[in-house]
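Beneath this line is the structure, given in structure tokens, with notes to follow.
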Amino acid sequence: MSVLPASLLLSDHHEDPAAPADALGAMVAALEEDVVFGRLHPRERLVEDELMERFGVKRHVAREALAALDRMGLVERRKNVGALVRSFSVQEVEELYELRGLLETEAARRIALPAAAARLDRLVAIQQRHDAAVAAGDARRVFRTNLAFHEELFSLAGNETLRQAIAEYARQTHPIRFASLVSAGYRERARQEHWQMIEALRAGDRDSLVALCAAHLLPSRDAYLDAQRQRL
């Protein structure tokens, strides 16, 4: 299975001003990134004692972290087995991405165009941070600024419930996305597509915006499915 190159792996102590200040939040964020970056593989077991030692927390905190990851759809807990990183069948991957495509293209259709200058400025500022993270090869910031970009983009639809649904199903695909994050070409493609979305918003080009949102999802889906096929 592909894992993130050593040059892009970040230590648990990497300073990140956006990281949660509390022990539980920081632990959940770190484990979320471990799943996204392939440091934790599908079906890999998360052991409470190992988590307690790694993060220096009490057992109840480790259990709360596993419960939070379960609610996020990143792990699944099985009787007499414990918590495992979630794995997906081909059908589950296809269905998740089909649903994400429906939600995200619908949000793109609902955005008032051309977008207001102040909102565009906010999106541009986030994308400039994403550019810097891609250029620096900073995996954590690429991941976090990418999430921030899409949160801001889909908030333009003016439907908070829709935005939350998009964020929820995007989070459920975190264990799928690692296969594409190892590729510098994918990160650069995503960066360029973000700017194309911004230009479509500025020009009022809804057809291009919808098409970009649909195509933007495909590389991570296809990379995971390709990795699945290679293991067969």
How close do [X] and [Y] get, heavy atom to heavy atom, and via which atoms?
X	Y	result
Phe154	Ala107	CD2-CB, 3.6 Å
Val57	Ala62	CG2-N, 4.1 Å
Gly101	Thr105	O-OG1, 2.6 Å
Asp22	Gly25	OD2-N, 2.7 Å
Phe37	Ala139	CZ-O, 3.4 Å

Verify whether the ring centers belonging to His130 and Phe149 lie closer than 6.0 Å.
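They do not qualify: ring centres at least 6.0 Å apart.
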
Given side chain to side chain contact (heavy atoms under 4.5 Å, CB included), test Met27 with Glu64 step by step and report yes or no.
CA-CA 10 Å; Met27 183 176 177; Glu64 288 177 18; over 6 Å; no

For side chain to side chain donor-acceptor pair (under 3.5 Å), just list the numbers for Arg221 and Thr173, CA-CA rounded to whole Å, side-chain angles, deciding distance to a tenth of an Å, and then say yes or no.
CA-CA 9 Å; Arg221 181 201 68 183; Thr173 60; over 6 Å; no

For Gln91, does the CD atom have more than 12 heavy-atom neighbours from other residues, nucleotides or ligands under 6.0 Å away?
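Not more than 12 within 6.0 Å, no.
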
Atom [atom1] of [X] and atom [atom2] of [Y]: how far apart are they, to the nearest 0.5 Å?
X	Y	atom1	atom2	value
Arg171	Leu147	CZ	CG	9.5 Å
Ile126	Leu153	CD1	CG	9.5 Å
Leu201	Met197	CG	CE	9.0 Å
Leu24	Phe55	CG	CZ	10.5 Å
Leu156	Ile111	CG	CD1	5.0 Å
Glu151	Leu123	CD	CG	11.5 Å

Would you please name every residue forming a side-chain hydrogen bond (donor to acceptor under 3.5 Å, both in side chains) with Gln128, sequence neighbours left out?
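Counting only residues at least two positions away or on another chain, Gln128 forms no side-chain hydrogen bond (donor to acceptor under 3.5 Å, both in side chains).
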
Could you tell me which residues satisfy side-chain hydrogen bond (donor to acceptor under 3.5 Å, both in side chains) with Ser87, sequence neighbours excluded, listed by chain and number?
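By the side-chain hydrogen bond (donor to acceptor under 3.5 Å, both in side chains) rule, Ser87 matches no residue at all.
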
If only atom types and distance count, is the side chain of Glu199 paired as donor or acceptor with the main-chain N or O of Gln196 below 3.5 Å?
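No: the side chain of Glu199 does not pair with the backbone of Gln196.
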
Any donor-acceptor pair under 3.5 Å linking the side chain of Arg206 with the backbone of Arg109?
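Yes, because the side chain of Arg206 sits within donor-acceptor range (under 3.5 Å) of the backbone of Arg109.
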
Just checking, any donor-acceptor pair under 3.5 angstrom between side chains of Gln192 and Glu188?
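Yes, a side-chain donor-acceptor pair sits under 3.5 Å.
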
Atom pairs and distances, donor-acceptor, side-chain atoms in residues 69-77, under 3.5 Å, two or more places apart:
{"from": "Asp70", "atom 1": "OD2", "to": "Arg77", "atom 2": "NE", "distance (Å)": "3.3"}
{"from": "Glu76", "atom 1": "OE2", "to": "Arg78", "atom 2": "NH2", "distance (Å)": "3.2"}

Show your reasoning for whether side chain to side chain donor-acceptor pair (under 3.5 Å) applies to His194 and Asp131.
CA-CA 10 Å; His194 286 182; Asp131 287 352; over 6 Å; no

Pairwise side-chain contact, Leu51 with Leu31, heavy-atom cut-off 4.5 Å (strictly under)
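Yes. Closest side-chain heavy atoms under 4.5 Å.
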
With sequence neighbours excluded, what pairs up with Asp49 under the salt bridge (charged side-chain N to carboxylate O under 4.0 Å, His left out) test?
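Residues passing salt bridge (charged side-chain N to carboxylate O under 4.0 Å, His left out) with Asp49: Arg59.
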
Checking salt bridge (charged side-chain N to carboxylate O under 4.0 Å, His left out) for the pair Glu50/Arg54: CA distance, chi angles, key distance, verdict?
CA-CA 6 Å; Glu50 293 175 359; Arg54 173 182 170 186; over 6 Å; no

Qualifying residue for side-chain hydrogen bond (donor to acceptor under 3.5 Å, both in side chains) with His216, from His150, Glu104, Arg189
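Single pass found, and it is His150.
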
Should the pair Arg144-Glu32 be classified as a salt bridge under the 4.0 Å nitrogen-to-oxygen rule?
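Yes.
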
Measure from NZ or CZ of Arg100 to the centre of the six-membered ring of Tyr97 and say whether it is under 6.0 Å with the direction within 45° of the ring axis.
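Yes - Arg100 lies over the ring of Tyr97, closer than 6.0 Å to its centre and within 45° of its axis.
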
Which ILVMFWY residues can you reach from Leu84 by hopping between side chains whose heavy atoms are under 4.5 Å apart?
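Grouped by the 4.5 Å side-chain rule, Val81 form the rest of the cluster around Leu84.
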
Tell me, which pairs form a salt bridge (Lys or Arg N to Asp or Glu O under 4.0 Å) where one or both residues lie in residues 86-99, sequence neighbours left out?
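Every candidate salt bridge (Lys or Arg N to Asp or Glu O under 4.0 Å) pair involving residues 86-99 fails, so no pair, neighbours aside, qualifies.
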
